[in-house]
Amino acid sequence: MRPFSQAPSDASPSLEKLVGSGVDVRTILSFYVAPKLLHDMLPPGWELDSPAPGPLGDANLRVTFVDQLQASVPGASAQEPIRYVLFSIPMRKADPATKATLLFTGLSTGGKGPYEVNAKATALVERKSVSSIGGTRTESATWKFRSDDGISASLDIEYLPGAVQREQAEARTYSAAKSGFHRIYRYDQCIDVISGPQRSARLKEIDFRAAGGVLSSLFDGNEQLISVASVLWFARQVFLPVASNT
């Protein structure tokens with residue numbers, strides 16, 4: 001496992017620009033929805049990417065709730081942390097062989113963001129950890145987002161924490177609103193996969209809701225929840241390909 005700050009051996013630092021870094025807490029829900037609802041959002045030449053066998057199963061839609069703890073950009077003072085929920089699609093193309101994520105909408109206290117897909121929204125985030133006399137620990141969280149034009153997303157969850165995994169990886173995220181625009185993330189995370197395709201007994205309660213705009217057609221009651229994960233911390237560096245000219 002390479003150190004977090006070290007670029008992969010095949011990277012060309014001169015072709016990338018560091019544009020930000022930060023640390024946050026996340027809750028990630030992975031769903032399966034009818035592929036026909038997603039195909040038209042994909043850029044030309046890309047197709048839906050089915051995850052490898054494992055806890056993500058056949059998931060083709062990801063919802064990521066984010067509570068920033070720290071954020072900064074090079075040459076500037078620390079940024080005001082924001083809270084947001086992102087909706088994204090795993091995708092791939094054959095030539096050249098590439099896997100990436102398409103960010104197509106979201107709700108954020110910080111407004112539209114660099115991908116220009118988020119709606120400005122209010123946010124309520126509450127997290128609680130309770131340990132019983134017998135030693136059992138229960139984690140719970142409430143996330144609520146709502147934009148001025150009525151787009152909303154919320155999550156109430158309660159679960160028993162389990163073994164965590166530390167992962168270091170690289171990912172590319174594209175914008176559905178800005179053709180060709182993408183950023184590269186090199187991250188270090190500590191993740192607890194709470195539940196997979198077969199619901200785990202550790203997942204005590206979950207209530208997710210999303211409505212308004214494209215969300216109403218995606219979450220119409222026919223979606224299938226595939227997995228639930230809690231990211232205890234997510235530390236990232238964000239790079240912009242110089243060729244994107246942004």
Margin query: Students often mix this up, so state it plainly: with edges at 30° and 60°, are the rings of Y115 and F181 parallel, tilted or perpendicular?
Written below: perpendicular

Checklist line | Pair D24-Q68, side-chain donor/acceptor within less than 3.5 Å | finding: no

Margin query: Name the residue from P161, S230, S227 that meets the side-chain contact (heavy atoms from CB on, under 4.5 Å) definition with I194.
Written below: S230

Notebook entry, point to check: Distance from R186 atom CZ to L18 atom CG, nearest 0.5 Å?
Noted result: 9.5 Å

Note to self: As an exercise, state the distance from OH of Y159 to CG of D192, rounded to the nearest 0.5 Å.
What the structure shows: 6.0 Å

Note to self: Nearest 0.5 angstrom please: S132 OG to R137 CZ, how far?
What the structure shows: 11.0 Å

Next item on the list: Establish, from distance only, whether the side-chain atoms of Y174 and R172 form a donor-acceptor pair under 3.5 Å.
Entry: no

Note to self: Nearest 0.5 Å, please: how far is CE in M41 from CG in L48?
What the structure shows: 10.0 Å

Next item on the list: Could you tell me whether D188 and R236 have a side-chain N and a carboxylate O separated by less than 4.0 Å?
Entry: no

Check: When rounded to the nearest 0.5 angstrom, what is the spacing between CD1 in I226 and CG in L61?
Finding: 10.5 Å

Item checked: Lys/Arg-Asp/Glu bridge criterion (N-O < 4.0 Å) met for K128, E126 -> no

Checklist line | Any side-chain heavy-atom pair of T138 and L160 under 4.5 Å | finding: yes

Next item on the list: Quick one: sort the F208 and F219 rings into parallel, tilted or perpendicular, breaks at 30° and 60°.
Entry: perpendicular

Margin query: Can you confirm whether the side chains of Q79 and S72 place a donor and an acceptor under 3.5 Å from each other?
Written below: no

Notebook entry, point to check: How many angstroms lie between NZ in K93 and CG in D49, if you round to the nearest 0.5 Å?
Noted result: 13.5 Å

Check: Taking the six-membered ring of F234, is the NZ or CZ of R26 close enough (under 6.0 Å from the centre) and on axis enough (within 45°)?
Finding: yes

Next item on the list: Return the set of residues passing side chain to side chain donor-acceptor pair (under 3.5 Å) with R199 (not counting sequence neighbours), or none when no residue passes.
Entry: none

